[in-house]
Amino acid sequence: MASAWVGTKGTVKDLSGFSAGKDADAVRKAIKGLGTDEASLINILTQRSNAHRQLIAKEYQAACGKELKDGLKGDLSGQFEHIMVSLILPPAVFDAKQIKKAMKGTGTSEQILIEILASRTSKQIKEVGDAYYTAYGKSLGDDISSETSGDFRKALLFLANARREEGSKIDENLAKKEAEILYSAGEKKWGTDEAKFIEILCVRSFPQLRLTFEEYKNISKKAIEDSIAGEMSGHLEDLLLAIVECAQNTPAYFAKRLHKALKGAGTDEYTLTRIMVSRSEIDLLDIRTEYKKLAGYSLYSAIKSDTSGDYEATLLKLCGGDD
């Protein structure tokens, strides 16, 4: 069965001649005893697919009687620990944890919710929902309902319930019709009918939305993102703009997020780790291309100048090369 988390443009692939037992043994040696052999750990965990890392974790637990993540946590610290533990979680579990973290404590980190829910496929979101329920005993929708409000909540719930259509089939008549609906719901009237924007942008497939946005431009003489920016505000605006960006070019959306995380004073390591780990087997090669287009320099060089130590070494391995 094809994994929902593996694409054709990842930097990390299955290793041929892979042996879970051999790798688990090497990992155990790397974290045992005095001092950790970080280089070995980095080499193994960044150069194996997530499916292979799951097998290594299983073998490790069988041999050591404890979970690999506990072994890593006991031995590593800081951002290096965070990225290593992130690498050995199944992708859906990793996303579920990020979402939970975004909603925990005072205030919700809306940008994380937006990034994950706007960019994942319905198949991925279903798996995240299952992982979330298994880990926290509550449905993703229930937690989103209690942590957010208004139209923003409504849109997030559409996404969290994996309502987005999949597939590449497009319907030109539908695109024309829905472009008209969006035009009437926004530019054409006084006030905005947010519900119409939510129903179309959170349900239609990305290829269908691209066609609708083209039709929209023909009718309104404006790009859909300009209309959204003019008609909406706050987190709903952020979410709908993220959906538009992902529908048009998902790697470009992530390149922009990475650029923001790496630019300016202080690096946003959590965003950096989350994107590098979660896209490394899907479309990180395309994200690298888009990053260079956007920034004028490579993602590799940006990571190099903005991070350090074992954390940097791990990110550079995941990045997979300079452009």
Determine, for K222 against D226, whether the closest basic-nitrogen to carboxylate-oxygen distance falls under 4.0 angstrom.
no
Is K13 atom NZ crowded by more than 12 heavy atoms from other residues, nucleotides or ligands, each under 6.0 Å away?
yes
Just checking, any donor-acceptor pair under 3.5 angstrom between side chains of N249 and E290?
yes
Regarding R120 and D95, does a basic nitrogen lie under 4.0 Å from an acidic carboxylate oxygen?
yes
Can you tell me if T36 uses its side chain to pair, donor with acceptor, with the backbone of E38 under 3.5 Å?
no
Does some side-chain heavy atom of T314 sit less than 4.5 Å from a side-chain heavy atom of L45?
no
Under the side-chain contact (heavy atoms from CB on, under 4.5 Å) rule, what do E180 and Y216 come out as? Steps first, then yes or no, please.
CA-CA 7 Å; E180 285 285 0; Y216 183 87; over 6 Å; no
A side-chain contact here means heavy atoms from C-beta on lying under 4.5 Å apart; do T212 and K176 qualify?
no
Would you check, one step at a time, whether the test side-chain contact (heavy atoms from CB on, under 4.5 Å) holds for L72 with L41?
CA-CA 10 Å; L72 292 170; L41 274 183; 4.0 Å; yes
Is the closest side-chain heavy-atom distance between F254 and Y291 below 4.5 Å?
no
Using a strict 4.0 Å threshold on nitrogen-to-oxygen distance, state whether R204 and E165 make a salt bridge.
yes
Determine whether Y183 and S227 satisfy the following criterion, side-chain hydrogen bond (donor to acceptor under 3.5 Å, both in side chains), listing intermediate values before the conclusion.
CA-CA 9 Å; Y183 182 56; S227 292; over 6 Å; no
With no hydrogens and no angle check, is any side-chain donor or acceptor of T271 less than 3.5 Å from a backbone partner on D268?
no
Do NZ/NE/NH1/NH2 and the carboxylate oxygens of D286 and K9 come within less than 4.0 Å?
yes
Is the CZ atom of F158 crowded by more than 12 outside heavy atoms at less than 6.0 Å?
yes
Within the structure provided, determine whether L87 and F94 are in side-chain contact (heavy-atom separation under 4.5 Å).
no
Regarding K196 and D193, does a basic nitrogen lie under 4.0 Å from an acidic carboxylate oxygen?
yes
Are I243 and R164 side-chain neighbours, meaning at least one heavy-atom pair lies under 4.5 Å?
yes
Quick one: do V6 and V93 end up in the same hydrophobic cluster if we chain Ile, Leu, Val, Met, Phe, Trp and Tyr together by side-chain heavy atoms under 4.5 Å apart?
no
Got R274 and R257 here, is their nearest side-chain heavy-atom distance under 4.5 Å?
yes
Where the side chain of T289 meets the backbone of L285, is there a donor-acceptor pair that is under 3.5 Å apart?
yes
Is it true that the side chains of Q208 and D171 contain a donor and an acceptor less than 3.5 Å apart?
no
What do you reckon, are the aromatic ring centroids of Y270 and H82 less than 6.0 Å apart?
yes
Rounded to the nearest 0.5 Å, what separates atom CG in N161 from atom CG in L140?
8.0 Å
Are any of the side-chain heavy atoms of N50 and E281 separated by less than 4.5 Å?
yes
Taking 4.0 angstrom as the limit, do K29 and D25 come out as a salt bridge?
yes
Angle class for the H235/F152 ring planes (parallel below 30°, perpendicular above 60°, tilted otherwise)?
tilted
Any luck finding a side-chain donor-acceptor pair between Y132 and D143 under 3.5 Å?
yes
Does R53 reach the main-chain N or O of R48 with its side chain, forming a donor-acceptor pair under 3.5 Å?
yes
Check whether more than 12 heavy atoms from other residues, nucleotides or ligands sit under 6.0 Å from atom CD of E166, and answer yes or no.
yes
Do L113 and M103 pass the side-chain contact (heavy atoms from CB on, under 4.5 Å) test, and can you show the C-alpha distance, the side-chain angles, and the key distance before you say yes or no?
CA-CA 8 Å; L113 290 181; M103 295 195 285; 4.1 Å; yes
Expected output: side-chain Y60 to main-chain K66 donor-acceptor under 3.5 Å:
no
Please say whether more than 12 non-hydrogen atoms of neighbouring residues, nucleotides or ligands are located less than 6.0 Å from NZ in K256.
no
Could you tell me whether the side chain of T307 reaches within less than 4.5 Å of the side chain of L272, counting heavy atoms only?
yes
May I have the step-by-step check of side-chain hydrogen bond (donor to acceptor under 3.5 Å, both in side chains) for T192 and E231, ending in yes or no?
CA-CA 6 Å; T192 311; E231 299 276 329; 2.5 Å; yes
